[in-house]
Amino acid sequence: MQLYCIFFLSGFAALFYQLIWQRALFTLYGTSAESVTVVVTVFMLGLGLGSLAGGALSRSPRVSPTLAFALAELLIGACGLASLPVFRWVASLTPAAAGMEVGLPAFALLLLPTLCMGATLPLLSSFAIARSGSVGRSLGMLYFVNTLGSAAACAAAALAAFGALGQGGALQLAATVNFAAAAWVLAAFRGRGASA
Amino acid sequence: MILAWLLAFASGFIALSHEILWYRVYSYASQGAADAFALLLAAYLMGIALGSYAARALCRDADLPLRAVAWLLAASALAFLVPPAVAWQVTLLDAWALTLPFVVLAAGLLGAVFPLVSHATIAPDARSGSRISYVYLANILGAVAGSLGTGFVMLDRWPLGTVAWALACVSLGAAAALVASRTVPRAKLAAALAACAAGAGTLYALQPLLYGSLYEKLQYGSDYRGQRFAQLVENKSGVIAVTATGTVFGGGVYDGSFNTSLARDTNGVSRAYALAGLHPAPREVLMIGLASGSWAVAVAALPQLERLTVVEINPGYLELLPRHPEVAGLLRDPRVRIVIDDGRRWLVRHPERRFDAIVVNGTMHWRAHASNLLSAQFADLARSRLRAGGVYYFNATGSKRAARTAADAFAHVLRVNNCIAASDAPLAFDATAWLRALRQARVDGRPVLEGGVQGERALLTRTLQQIEPEASLRAGIARAAPITDDNMGDEWRAADR
């Protein structure tokens with residue numbers, strides 16, 4: 001149950017980042033259809049590459065999935081806190097980027113955090129499947145709670161958080177959630193393998 | 001595993017493609033409210049989550065999951081019905097948010113596919129995490145293909161109903177392909193293929209009925225009585241509708257109308273002509289936002305104008321100009337150059353350009369991304385691109401926060417109706433200069449001022465009534481919070497709309 005709560009938090013923070021980062025990049029690079037498509041595509045490609053990285057890590061017997069998950073959450077949180085100034089700095093270096101050219105700076109900016117986000121599902125699913133023995137049930141539950149967390153983040157953003165906190169405040173909230181997830185997973189599962 | 005990748009790819013493509021279509025529908029229904037996307041995404045993810053949860057019940061044996069996936073893919077063709085259902089319900093309730101359960105339901109069908117496919121094809125061993133990552137990657141790549149293929153290509157070429165039907169065909173095709181890939185009796189396979197073909201045919205036949213007046217229903221809500229738009233432009237940048245009386249709606253919100261006459265000022269075009277009283281000689285002007293083109297025609301009519309650069313984000317507006325004689329001349333005016341780009345980005349990318357006036361004929365201050373052109377950061381950018389004595393003149397759409405933002409950035413401000421003029425030079429409406437310019441102003445060779453001396457006096461009186469001087473304006477906006485890129489103005493404050 002703890003694992004699912006933690007993954008809910010992870011999904012919650014991830015969607016805050018997605019909404020804010022997309023918004024910040026649209027401000028910097030424009031809201032034309034080309035920019036929007038490129039930024040969304042780059043975000044998802046980062047998640048996909050992260051999924052591969054997480055899958056590769058989960059194969060290694062020397063890597064603790066929960067420790068790797070905690071590190072990923074810490075990195076995401078750190079990237080979140082640093083993101084807006086870095087975005088503005090990179091945008092100031094690439095003022096001429098337009099349309100498809102936005103892809104390169106967007107990819108550079110989003111690669112690390114989206115890699116970490118994408119890695120979390122394979123990492124935790126391998127851990128959970130080893131405990132339950134069922135791919136469908138473990139993955140279904142993890143995917144459920146993670147996506148539910150993301151859905152809750154969207155609702156929270158729309159109904160209160162973005163209006164009250166702005167981009168910077170919302171990013172701080174998301175980073176706090178990441179750090180809490182990392183601390184929780186370390187406290188609850190550190191040193192416990194699949195048989196725990 | 002290849003089957004798992006293909007199915008995960010297909011479900012990712014279909015799900016994200018529908019999300020793009022639904023966003024178009026909800027964005028239009030909500031008039032582009034920022035929270036529409038977040039709430040749609042919440043409903044979409046809720047559906048995916050519930051589908052994923054429900055999938056756990058279907059993971060009892062090895063064969064059941066793939067059979068379920070075939071049924072789910074086929075059923076996802078019913079997502080074709082979501083936009084018409086939303087439009088129908090909006091005509092009943094005038095509340096787009098209440099239609100989000102349709103999205104939850106439709107997304108739920110596809111949310112189950114990823115865990116079911118993974119369960120059917122991945123053994124619960126030490127390599128399960130790695131194999132899941134491949135399936136997950138395929139799902140994400142499908143979503144990327146949906147973003148590019150549907151959002152960027154299909155929506156730029158086809159109307160919404162055709163795209164929705166094409167996606168239904170993908171759903172039915174994927175279901176049929178999955179059935180065909182399994183060892184099923186020939187008769188069963190033939191029945192499945194026939195059912196998919198019949199489903200596609202039925203939806204195609206229903207398309208004109210369900211999608212024929214979809215945007216009209218979303219636009220008029222409970223006031224819908226069978227109205228039809230005179231023109232509808234759909235492309236990857238959005239939807240532009242024109243009524244029979246020439247009113248323009250961009251993404252569902254009022255975007256002006258085709259009128260350049262001061263005598264029949266149905267669209268407040270006098271605000272654009274007011275530029276002649278705000279700057280002694282606006283020779284080089286930048287206008288962000290073309291819309292109907294009426295404001296651009298008004299500014300181009302001013303006698304001192306040498307060059308007008310208009311930046312518009314949606315190329316669809318260019319299609320409208322030749323069809324409306326009031327503004328068609330804009331395309332033939334050698335002094336006017338229309339650029340398709342994001343206005344703020346265009347300014348950033350052209351640091352060498354300086355203007356006597358930057359006119360922002362923007363959208364409602366509470367719409368998604370509106371604060372990009374109303375924030376303190378944009379005001380600073382505009383200020384840096386003005387010549388000495390230049391004027392930044394923008395439609396604040398009644399936002400005190402937008403007015404306060406400009407008042408903080410510039411030394412002087414005044415209000416013209418719902419527009420704010422700001423400058424570092426002393427600013428006052430010069431009625432004499434305004435009248436002199438308008439007497440010389442021509443639209444397609446015809447004088448702008450009509451009605452002789454009496455007409456001029458009446459117009460001057462009406463115009464002066466729209467002016468609020470600096471002291472009064474500053475007092476009225478003193479308590480309003482400035483808009484910044486960070487706080488995004490009123491975009492996420494539904495209560496302030």
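Below, chain A is the first sequence line, B the second, and so on; all start at residue 1.
- Within the 4.5 angstrom heavy-atom criterion, only side-chain atoms of Leu15(A), from C-beta onward, approach chain B.
- By number of non-hydrogen pairs under 4.5 angstrom with chain A, the leading residue of Tyr44(B), Phe114(B), Tyr134(B) is Phe114(B).
- Summarising the geometry of Ser147(B) relative to Thr41(A), their closest heavy-atom pair is OG-OG1, 3.6 Å, with the distance given to 0.1 Å.
- Ranking Ala112(B), Ala143(B), Ser52(B), Gly47(B) against chain A, the residue ahead of the rest is Ser52(B), based on heavy-atom pairs under 4.5 Å.
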Please set out all donor-acceptor pairs under 3.5 angstrom arising from side-chain atoms of residues 368-376 of chain B, sequence neighbours excluded.
from, atom 1, to, atom 2, distance (Å)
Ser371(B), OG, Arg23(A), NH2, 3.0
Ser371(B), OG, Glu491(B), OE2, 2.4
Asn372(B), OD1, Arg23(A), NH2, 3.0
Asn372(B), OD1, Thr27(A), OG1, 2.8
Ser375(B), OG, Gln377(B), N, 3.4
Ser375(B), OG, Phe378(B), N, 3.2
Ser375(B), OG, Asp485(B), OD1, 2.8

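- The residue among Gly168(A), Ser51(A), Gly11(A), Ala156(A) with the most heavy atom pairs within less than 4.5 Å of chain B is Ser51(A).
- Interface remark: Asn139(B) contributes side-chain atoms only to the contact with chain A (heavy atom separation under 4.5 Å).
- Here Ser118(B) is the residue among Ser118(B), Gly489(B), Gly151(B) with the most heavy-atom pairs under 4.5 Å with chain A.
- Looking at Ala55(B), there are no atoms closer than 4.5 Å to chain A (heavy atoms on both sides), in backbone or side chain.
- Remark: Asn235(B) CG to Arg157(B) CZ distance equals 11.5 Å, nearest 0.5 Å.
- Sparse packing is recorded around OH of Tyr53(B), with 12 or fewer heavy atoms of other residues, nucleotides or ligands lying under 6.0 Å away.
- Counting heavy-atom pairs closer than 4.5 Å to chain B, the top-ranked of the candidates Gly48(A), Ala155(A), Ala153(A), Gly54(A) is Gly48(A).
- Here the shortest heavy-atom pairing between Ile132(B) and Ser125(A) reads CD1-OG, 3.7 Å.
- By the 4.5 Å heavy-atom criterion applied to side chains, Glu19(B) and Leu41(B) are counted as neighbours.
- Interface remark: Leu47(A) contributes backbone and side-chain atoms alike to the contact with chain B (heavy atom separation under 4.5 Å).
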Give every donor-acceptor pair under 3.5 Å between a side-chain atom in residues 109-124 of chain A and any protein atom, sequence neighbours left out.
from, atom 1, to, atom 2, distance (Å)
Thr114(A), OG1, Leu110(A), O, 2.5
Thr114(A), OG1, Leu111(A), O, 3.2
Thr120(A), OG1, Met117(A), O, 2.7

Test ring-ring contact (aromatic ring centres under 6.0 Å, His included) applied to Phe127(A) and Phe189(A), step by step
CA-CA 10 Å; Phe127(A) 180 72; Phe189(A) 297 101; 5.5 Å; yes
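- Side-chain contact between Ser10(A) and Phe69(A) is present, with at least one heavy-atom pair separated by less than 4.5 Å.
- The part of Ala123(B) that comes within reach of chain A is its backbone (N, CA, C, O), which places non-hydrogen atoms under 4.5 angstrom from that chain.
- A donor-acceptor contact closer than 3.5 angstrom links the side chains of Asn178(A) and Glu73(A).
- For chain A, the nearby parts of Leu50(B) are the backbone and the side chain; heavy atoms of each come within less than 4.5 Å.
- With a 4.5 angstrom heavy-atom cutoff, Leu141(B) touches chain A only via side-chain atoms.
- For chain A, the nearby parts of Ile122(B) are the backbone and the side chain; heavy atoms of each come within less than 4.5 Å.
- Phe37(B) touches chain A through its side chain: at least one heavy atom from C-beta onward sits under 4.5 Å away, while N, CA, C and O do not.
- Most heavy-atom pairs under 4.5 Å with chain B, from the set Ala24(A), Ala161(A), Gly55(A), Ala164(A): that is Gly55(A).
- Looking at Leu165(A), only its backbone comes within 4.5 Å of chain B, counting heavy atoms on both sides.
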